[in-house]
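Right, one structure below, let's go through it.
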Protein chains: 2
Amino acid sequence: MSTQTPSRPEVRQQTDLVIGLSAVIVAVTGDDPKVLVVRHCGGREALPSGPLERGHRTLETGLRNWVERQTLQKLGYVEQLYTFGDRDRSETDGANATRALSVAYLALVREARPAGDADAAWQSWYRYFPWEDWRDGRPPVLDALEPVLRDWAAADVRATRGERLSLAFGFGERGVWDEERALERYELLYEAGLVGEALREQNAGRAAPLAGSVEMAVDHRRMLALAIARLRGKIKYRPVVFELMPPSFTLLQLQRTVEALGGVRLHKQNFRRLVEQQRLVEETGEATAETGGRPARLVRFRREVLLERPAPGVRLPVAGGRR
Amino acid sequence: MSTQTPSRPEVRQQTDLVIGLSAVIVAVTGDDPKVLVVRHCGGREALPSGPLERGHRTLETGLRNWVERQTLQKLGYVEQLYTFGDRDRSETDGANATRALSVAYLALVREARPAGDADAAWQSWYRYFPWEDWRDGRPPVLDALEPVLRDWAAADVRATRGERLSLAFGFGERGVWDEERALERYELLYEAGLVGEALREQNAGRAAPLAGSVEMAVDHRRMLALAIARLRGKIKYRPVVFELMPPSFTLLQLQRTVEALGGVRLHKQNFRRLVEQQRLVEETGEATAETGGRPARLVRFRREVLLERPAPGVRLPVAGGRR
DNA sequence: AGCCTTATGCTCAATTTTAGCATAACGGTC
DNA sequence: GACCGTTATGCTAAAATTGAGCATAAGGCT
């Protein structure tokens, strides 16, 4: 009750505990942001993952091990996302339930290899989140979603649901689409019973799962939503996009990559100006004629920017396509 | 080797595992950013923390429990920071070492109560990081640190240390101080053997620990560094400062709070304009004469901004004091 | 040559930032 | 009551950044 000193080994409980390690591995090929998924035992798609083992010196090495074993994919840039630990994540096999924590990571890789293993495959992440892709205007799924969500909000005694909706989806009149709120959107859909995962645990007969968006195993889709949100945010103040680019590339390729991640279109000239005046890239001297029209210069990432400015990122000059 | 499916309960290992929960609890009183510390068994100062127990539904409730038990402090805003899991964190009691994971959280509270429990105390965080406070110009500790760090970098075969130094501390000629890099700075000092914690594990006879900065138990100072870095970043794009403010306050109080966290001075008029034109606050109608000069209007946080703009934060208009 | 497509250069106006100047309003002091 | 120190606030000119487009360049193709 009173003065407790923390972490006394004698009182250590003997609860069964498993630490899971999961990776959201992202690559961009052409116009699509891809994520590496494996086929789960239960048939559902899952993120590469496995339990932390005694042999793993750090969580991150454990993760790399599992990913390489499962997908034959080497990881470059890796960053920790979040640790999930709710008790209801765990498998309840009787009174002595095993508690399952899960540490999720985000990894960025350059080339999406043709998924070394048969069970591993690269999939566009918009397959799981069709409402997140605004590059060709308002995604059609939202037409189906909006009324259901509004009803769900209206059934709320306190006004809080409606507020959260307008925040996440920009439903209100002055509402704007904030691409960084991908996680909040997924969580709202989950609460409203509009994603398949929500219906699994309790067969509460709420709305039917939403056609057109693919489920994932356990809470892996939530992890993916978090990864998307984080990446969309981070790209703006740290030059992480370049982790996804080949050694040399054209400015349009860079723009398409940023657009793929953000799910929005950008104003071309302004994007180039931004990238160039921030001196994020430098000339290679070469050019490529692959793209159809006038050949484009090939550039490469200027590593030195990391030393020069506090927060070099690719700010997103949004194109007309809003609303 | 090949097709492994993840998380099969049968193979679950019986390793001893403890999940620690630690909280960096922050408040700002007057001009100082405070953190709540408890006196550790070993005599060192520590963050409030304790092991995850079976009764805890979520990691966060577990954390809140421990904090309230140890410090009698209720938590408001809480956010997960990071999970530390390196094997060398663990206590090695023979071959069967217990692996200790630790999930660190950041919490923001309004009033720094006089530390309910005798073992708990509010301390300025600059006590542990004197080099992070640039509000009165370049902190004097850096004069002692810089040459030692430079020597350490010079002793490096590859040039990578020097690069990291100029990145983190802005030592180069064009170098700038980026307040958000608090964690990187701590880690460099750790590697260079300039903080006490570094000398504990291996009595490698490197440089002496730096006088003038206070150690903490285990890796708690690293957690604090991470919390500072995250908070300094987050403040700019989410209105989290207001979690630290009383219900009504003056613009100068708000500015002092932001300055305390960032460790930098801001341009007064520009700060006010920013806050006002972003409509982060609204009038209460009252005023206060407490501050000496002309009475200041009292304002309160305008919750509605959360619904209006994608990323409302207090961007930092730095005052002259750079360099 | 003419057309389509992508690459690039440049401009103009609207906004936002930076850095100060100037004035207001209160509590003392002489 | 005038004067001073202190903090609050209003306002502005100049510089820098953004948002939107126009216009031209340079390939491939028919």
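The sequence lines fix the lettering, A, B, ..., with proteins before strands; numbering per chain opens at 1.
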Interface polar pairs with nucleotides 22-24 of chain C, N/O, under 3.5 angstrom:
| unit_1 | atom_1 | unit_2 | atom_2 | d |
| --- | --- | --- | --- | --- |
| dA24(C) | O4' | Arg294(B) | NH1 | 3.3 |
| dA24(C) | N3 | Arg294(B) | NH1 | 3.2 |

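The distance from atom CD of Gln278(B) to atom P of dT15(C) is 16 Å, rounded to the nearest whole Å. Rounded to whole Å, the distance from CG on Leu251(B) to P on dG10(D) is 9 Å. Atom CG in Leu266(B) sits about 16 Å away from atom P in dG20(C), given to the nearest Å. In this structure, Asn270(B) atom CG and dA8(D) atom C1' are separated by 15 Å, rounded to whole Å. One interatomic measurement links the two molecules: CD of Glu276(A) to P of dT18(D), which rounds to 15 Å at whole-angstrom precision. Atom-to-atom, CD of Gln277(A) to P of dA16(D) comes out at 11 Å; the value is rounded to the nearest Å. Nucleotide dT9(D) holds its C1' atom 15 Å from the CZ atom of Phe271(B), rounded to whole Å. When rounded to the nearest whole Å, the span between CZ of Arg273(A) and C1' of dA7(C) equals 16 Å.
Among the heavy atoms of the strands lying under 4.0 Å from Arg297(B) are primed sugar atoms or P, OP1, OP2 only; no base atom is included. At a threshold of 4.0 angstrom between heavy atoms, the contacts of Leu252(A) are confined to the sugar-phosphate backbone, with no base atom among them.
Annotation: side chain to side chain donor-acceptor pair (under 3.5 Å) contacts of Glu163(A) (sequence neighbours excluded): none. Every ring-ring contact (aromatic ring centres under 6.0 Å, His included) that Tyr82(A) has, sequence neighbours left out, goes to Phe84(A). For the ring-ring contact (aromatic ring centres under 6.0 Å, His included) test, no residue two or more places apart in sequence or in another chain qualifies with Tyr128(A). In this structure Tyr126(B) satisfies the ring-ring contact (aromatic ring centres under 6.0 Å, His included) test with no other residue, sequence neighbours excluded. In this view, Arg164(B) and Glu191(B) satisfy the salt bridge (Lys or Arg N to Asp or Glu O under 4.0 Å) rule, not counting sequence neighbours.
Map Pro295(B) and Ala296(A) each onto its nearest nucleotide of DNA chain C; the residue landing nearer the 5' end is Ala296(A).
For His267(A), the listed nucleotide lying nearest its side chain is dA20(D); candidates were dG27(D), dT17(C), dA20(D). Distance from the side chain of Arg272(A) is smallest for dA7(C) among the nucleotides dG21(D), dT17(C), dA7(C).
With respect to the salt-bridge test (charged N to carboxylate O, under 4.0 angstrom), the residues Asp32(B) and Arg135(B) qualify. Salt bridge status for Glu146(A) with Arg138(A): present, with a side-chain N to carboxylate O gap under 4.0 Å.
Not one side-chain nitrogen or oxygen of Lys268(B) sits closer than 4.0 Å to the OP1 or OP2 atom of dT7(D).
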